[in-house]
Amino acid sequence: MNKQLFVVLFAFAITGCQSIPTAKSSEGVNAINSFSWFSIPAPDRPIPLKFLRSKADGKSPTVFLVHGTNGPDARQDHWARYFNDRGYNALIVDFKTGRFTGPQDRANLYPYPLIDSAHAWLIQQPSVDPSNVVWMGFSLGSTLGLMTEQGPWSSFVLFYPSCWNFTKTQQPKPPRYWAYLAEKPREKPTLIVWGKADEYGEGVYCPEMLKLMSGPLDSLAIENAHHGFDGNISASFNDSASPTGSASLRPDATARRAAEIKVGDFLKINKSQ
């Protein structure tokens, strides 16, 4: 994808709400072993990371967890531990701290060097199998998953990616012209998960987006589930990325469990476990 075009498109990037605590800057092996925040260099400023090493011997598959506009929250911690219990390493990235604060300035985020830096650090870790790194995105992180180059990743798990923005009908004004990204064939297995009650219109627009997509695709639409169903935050807020201009986060333990089962099955089928 043309990087200048990305900057323009990303001015409209999706999903935002609460603020998060500033990441801690503890460094070194102790931080890694304790699943605490530490930082690695990046071209603009350091990137806070949390790394949970697999308990298995040798090299293991890894999940690369990318947050939404909210920044890292309980969702990424939950999924990191979910995967770690199943033999994975888990890396949580923080592309928000020091770069943007919310929907109003998320266009400041230029993610490519950050993705490259975090990925380069990750595949150097002795416990990581570089050929088996799964991208898992949440909202904005799923948008990035649809925009990033597919080559370095073994598969993609994309939760509620604001599908409205990737369709050809009912485009926002001005239109975002993201449908071509949906039409670009998926080279790697891709799972898209959404709630049918999501105020971002996922129940209507994710099926529409899937009609534009091709390649090794799978999906899960969960009845009565909202945006952020796998988290612990309940909130209502305004976001121009939503078709209605309003949005909400609503935790749903039943929906999260359904997603866990689907994600586990997807990765088993695609030899990522």
Side-chain angles (χ1 to χ4, degrees), residues 1 29 31-35 38 40 42 47-68 72 75-95 111-159 161 181 184-193 213-220 230 256 259-273:
M1 178 181 181
V29 174
I32 296 173
N33 289 340
S34 64
F35 196 41
F38 62 100
I40 62 169
I47 306 170
L49 305 175
K50 289 170 74 175
F51 184 65
L52 193 57
R53 184 181 288 114
S54 169
K55 302 177 183 70
D57 295 329
K59 294 186 179 295
S60 298
T62 303
V63 61
F64 185 96
L65 296 137
V66 187
H67 57 78
R75 286 172 285 180
Q76 290 78 53
D77 278 0
H78 168 79
W79 285 102
R81 297 187 188 283
Y82 169 90
F83 281 107
N84 193 245
D85 288 344
R86 290 156 178 80
Y88 281 73
N89 303 292
L91 181 72
I92 299 175
V93 300
D94 179 358
F95 293 159
Y112 292 110
L114 312 182
I115 294 168
D116 290 345
S117 295
H119 181 263
W121 178 89
L122 178 65
I123 62 175
Q124 293 173 5
Q125 303 313 302
S127 64
V128 172
D129 176 358
S131 69
N132 199 349
V133 180
V134 180
W135 177 294
M136 185 173 189
F138 305 82
S139 197
L140 174 60
S142 292
T143 295
L144 296 180
L146 289 167
M147 291 178 167
T148 194
E149 293 297 326
Q150 298 178 52
W153 315 99
S154 59
S155 58
F156 290 80
V157 177
L158 307 177
F159 276 33
L181 291 169
K184 184 178 180 180
R186 299 300 296 173
E187 302 165 4
K188 302 295 178 68
T190 300
L191 171 64
I192 299 174
V193 179
M213 300 180 74
S214 61
L217 294 165
D218 200 353
S219 63
L220 175 65
D230 53 323
R256 185 172 76 178
E260 289 173 351
I261 294 169
K262 181 66 177 183
V263 169
D265 290 344
F266 171 79
L267 292 180
K268 286 177 182 177
I269 291 169
N270 291 289
K271 304 184 186 304
S272 294
Q273 190 165 10

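The aromatic rings of Trp153 and His119 sit perpendicular, their planes meeting at an angle over 60°, well past the 30° parallel limit. A tilted orientation is assigned to the rings of Trp121 and Phe38, their planes being inclined by 30° to 60°.
Under the side chain to side chain contact (heavy atoms under 4.5 Å, CB included) criterion, Ser214 pairs with Pro185, sequence neighbours left out. Remark: Glu187 pairs with Gln150 by the side chain to side chain contact (heavy atoms under 4.5 Å, CB included) rule, at least two apart or across chains.
A cation-pi arrangement is not found for Arg53 relative to Phe51, the charged atom failing to lie both closer than 6.0 Å to the ring centre and inside a 45° cone about the ring normal.
Within a 6.0 Å radius of CG in Asp57, no more than 12 heavy atoms belonging to other residues, nucleotides or ligands are found.
By the 4.5 Å heavy-atom criterion applied to side chains, Arg81 and Leu52 are counted as neighbours. Side chains of His78 and Glu260 form a contact here, defined as non-hydrogen atoms less than 4.5 Å apart. Between Ile40 and Leu49 the shortest side-chain heavy-atom distance falls below 4.5 Å. Side-chain atoms of Phe156 and Val134, non-hydrogen and from C-beta on, never get closer than 4.5 Å to each other. A 4.5 Å side-chain heavy-atom check between Phe83 and Leu267 finds at least one atom pair inside the cut-off. For the pair Leu65 and Arg75, the minimum side-chain heavy-atom distance is 4.5 Å or more. Between Asn89 and Pro61, every side-chain heavy-atom pair lies at or beyond the 4.5 Å cut-off. The closest side-chain heavy-atom distance from Met136 to Phe159 is below 4.5 Å.
Listed here is the closest heavy atom pair of Pro161 and Ser142: CB-CB, 3.5 Å.
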* In sequence, state the C-alpha distance, the side-chain angles, and the governing distance for Ser155 and Phe266, and then conclude on side-chain contact (heavy atoms from CB on, under 4.5 Å). => CA-CA 10 Å; Ser155 58; Phe266 171 79; 4.2 Å; yes
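A donor-acceptor contact shorter than 3.5 Å is absent between the side chain of Trp135 and the backbone of Val63.
Asp77 and Lys50 are joined by a salt bridge, as a carboxylate oxygen and a charged side-chain nitrogen come within less than 4.0 angstrom of each other.
Between Trp79 and Tyr88, the ring center distance fails the sub-6.0 Å criterion.
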